[in-house]
Trainee: 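Input: one structure, supplied below.
Naming convention: chains lettered A, B, ... in sequence-line order (proteins, then strands); numbering from 1 in each chain. Values reported hereafter were calculated over all heavy atoms of this structure, with side chains retained and with hydrogens, waters and symmetry mates removed.
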Protein chains: 2
Amino acid sequence: MGIAERRERERQEAQGRILDAARELFVAHGYEAVSMRQIAERAEYSPAALYFHFEDKKALFRALCEQDFRALAQRFQGVAGIADPLQRLAEIGRAYADFALRHPNHYRLMFMAPKPMGASESLLERNNPDEDAYAFLLRAVKDAWSAGCFRPELNDPELIAQTLWASIHGVVSLHIVKREEDEWIDWRSPAEAVELMTAATLRGLARGRR
Amino acid sequence: MGIAERRERERQEAQGRILDAARELFVAHGYEAVSMRQIAERAEYSPAALYFHFEDKKALFRALCEQDFRALAQRFQGVAGIADPLQRLAEIGRAYADFALRHPNHYRLMFMAPKPMGASESLLERNNPDEDAYAFLLRAVKDAWSAGCFRPELNDPELIAQTLWASIHGVVSLHIVKREEDEWIDWRSPAEAVELMTAATLRGLARGRR
DNA sequence: ACCTAAACTGAACGTTGTTCAGTAACCGGA
DNA sequence: TCCGGTTACTGAACAACGTTCAGTTTAGGT
């Protein structure tokens, strides 16, 4: 009786078409600028059909975000093998910034969006470093902490992880927002800023003579 | 002939009523959630009247932002007198974070808003530290740089200033976005994060043994 | 052959930003 | 004093938005 499976497969194919259409438009123009009607037209459905597969625009957006979070976590797997904890942290920062600057609209939806992540019941496994990027960072920090890499008065790995995250997030989010038409400030390249930021924070947090 | 002055005064009073109404609503609910009709009703005008005084919703928003930028620059005046350049930088960071966390919706409009700052022809004086908060920060960085506070390989005050700005922006913007319903991560208080961030970056950038 | 449920459509509702023709009030010149 | 024109404003409308709902088609189980 493979007919239930076929129905389920067709259902997911339809959802996939909608998600693909939505992704292209969101990434190109951002959340607010894309309408459900545009998504529907590109996916070759009527606007109302989207509401059969997704509760509303926010839910559709949230489904895309989950894919993105998974992609980021997967990106981190590339640096999981680095033995030296501090060097691994530096590479995590670089990978994160690279992801953010390569997909600025994704990033905006993931970490700079005002609301629509609200009431999220994600099906990502939390605390699993393979799927949860924050858990991956936290583990690297804990490794470094256990190895005595940090200054002795720093005894809260969670705070350290959040600070490191915030440092790179600050660089990339500022660049994403201000990148367009802001001759007000003579911006340095994000790559330079990321390098200086990781060097500064890690040196500032690390124990020992420089 | 004081009649032209009176007309001008009435014009500004009307604009002030609109700006006040818009400010309250924007600060309470954010840019997207507030409609021109709501602003008009609170200001006791017809919706169309707003378009006589402001070109569109973005322009109205921009006018508010300019007030906010001025307020931030004024806030910085409170720490202008600190002699030690590094300590002054630390206090600038604290003042900035305090401003951001006290007025999160203002901050969102100023530094996390997707677009509507576009094509801005602000009438703020650039490069004047009394009105331009970035110029104020940059001057403090240059003071510290001239005094030889930074590591010898750091020879770009602009890059240093942008990095310091990004570090605090990262902490506060992440907290503003994630503050609401995100039990996913066990967030530390923003005050703790700001303290650790300023300590880490300044120590990481500063010359000399710790 | 009938019935139920799934997948989808067309048309509508209320709200959004914005425009436009029209109007009332005021002031300077005749 | 009346006239003409600018200034400030309104009411109604437009297109587009997210969303809903009453139907219609299609397919499978009985």
Trainee: Within the structure, does a side-chain N or O atom of B/H53 lie under 4.0 Å from either OP1 or OP2 of D/dT7?
Mentor: no
Trainee: How many whole angstroms separate atom CG of B/L25 from atom C1' of C/dG17?
Mentor: 16 Å
Trainee: Does a side-chain heavy-atom distance below 4.5 Å link A/M112 with B/M112?
Mentor: no
Trainee: Rounded to whole Å, please give me the gap between CZ in B/R7 and P in D/dT6.
Mentor: 12 Å
Trainee: Just so I know, are the side chains of B/F76 and B/D130 near enough to count as touching, which here means a heavy-atom distance under 4.5 Å?
Mentor: no
Trainee: Identify which one of A/F99, A/F111, A/F136 satisfies the ring pair (Phe, Tyr, Trp, His ring centres under 6.0 Å) criterion when paired with A/F69.
Mentor: A/F111
Trainee: Can you tell me how far P of C/dT18 sits from OH of B/Y45, to the nearest Å?
Mentor: 19 Å
Trainee: For every nucleotide of nucleotides 13-19 of chain D, 5' to 3': is a protein heavy atom under 4.0 Å from its base (B), only from its sugar-phosphate (S), or from neither (-)?
Mentor: B---BBB
Trainee: Nearest whole Å is fine: how far is D/dT10 P from B/E44 CD?
Mentor: 11 Å
Trainee: Could you tell me whether B/R23 and B/D68 make a salt bridge, using a distance below 4.0 angstrom between a side-chain N and a carboxylate O?
Mentor: yes
Trainee: Let me know the distance between CG of B/L50 and P of C/dT16, rounded to the nearest Å.
Mentor: 13 Å
Trainee: Output the rounded distance in Å from CZ (A/F54) to P (C/dC8).
Mentor: 12 Å
Trainee: On a heavy-atom basis, which atom in B/A200 and which in A/T201 lie closest, and how many Å separate them?
Mentor: CB-O, 4.3 Å
Trainee: Do we get A/K58 above A/Y31's six-membered ring, with its NZ or CZ under 6.0 Å from the centre and within 45° of the axis?
Mentor: no
Trainee: Any ion pair linking B/R17 and B/E44 (charged N to carboxylate O, less than 4.0 Å)?
Mentor: no
Trainee: Can you list, pair by pair, the side-chain donor-acceptor contacts under 3.5 Å of residues 155-171 of chain B, counting residues two or more places apart and other chains?
Mentor:
unit_1 : atom_1 : unit_2 : atom_2 : d
B/D156 : OD1    : A/R188 : NH2    : 3.2
B/D156 : OD1    : B/E158 : N      : 3.1
B/D156 : OD1    : B/L159 : N      : 3.3
B/D156 : OD2    : A/R188 : NE     : 2.5
B/E158 : OE2    : B/Y134 : OH     : 3.1
B/Q162 : OE1    : A/R188 : N      : 2.9
B/Q162 : NE2    : A/D186 : O      : 2.9
B/Q162 : NE2    : B/Y134 : OH     : 3.3
B/T163 : OG1    : B/L159 : O      : 2.8
B/W165 : NE1    : B/Y96  : OH     : 2.8
B/S167 : OG     : B/L164 : O      : 2.6
B/H169 : ND1    : B/Y107 : OH     : 2.6
B/H169 : NE2    : A/S173 : OG     : 3.1

Trainee: Calculate the interatomic distance between B/E41 atom CD and D/dT10 atom C1'; express it in whole Å.
Mentor: 15 Å
Trainee: What integer distance in Å separates B/I39:CD1 from C/dT18:P?
Mentor: 10 Å
Trainee: Please determine if B/E8 and B/R11 form a salt bridge, counting it only when a charged side-chain N lies under 4.0 Å from a carboxylate O.
Mentor: yes
Trainee: Within residues 10-21 of chain A, which residues have any heavy atom lying less than 4.0 Å from an atom of DNA chain D?
Mentor: none
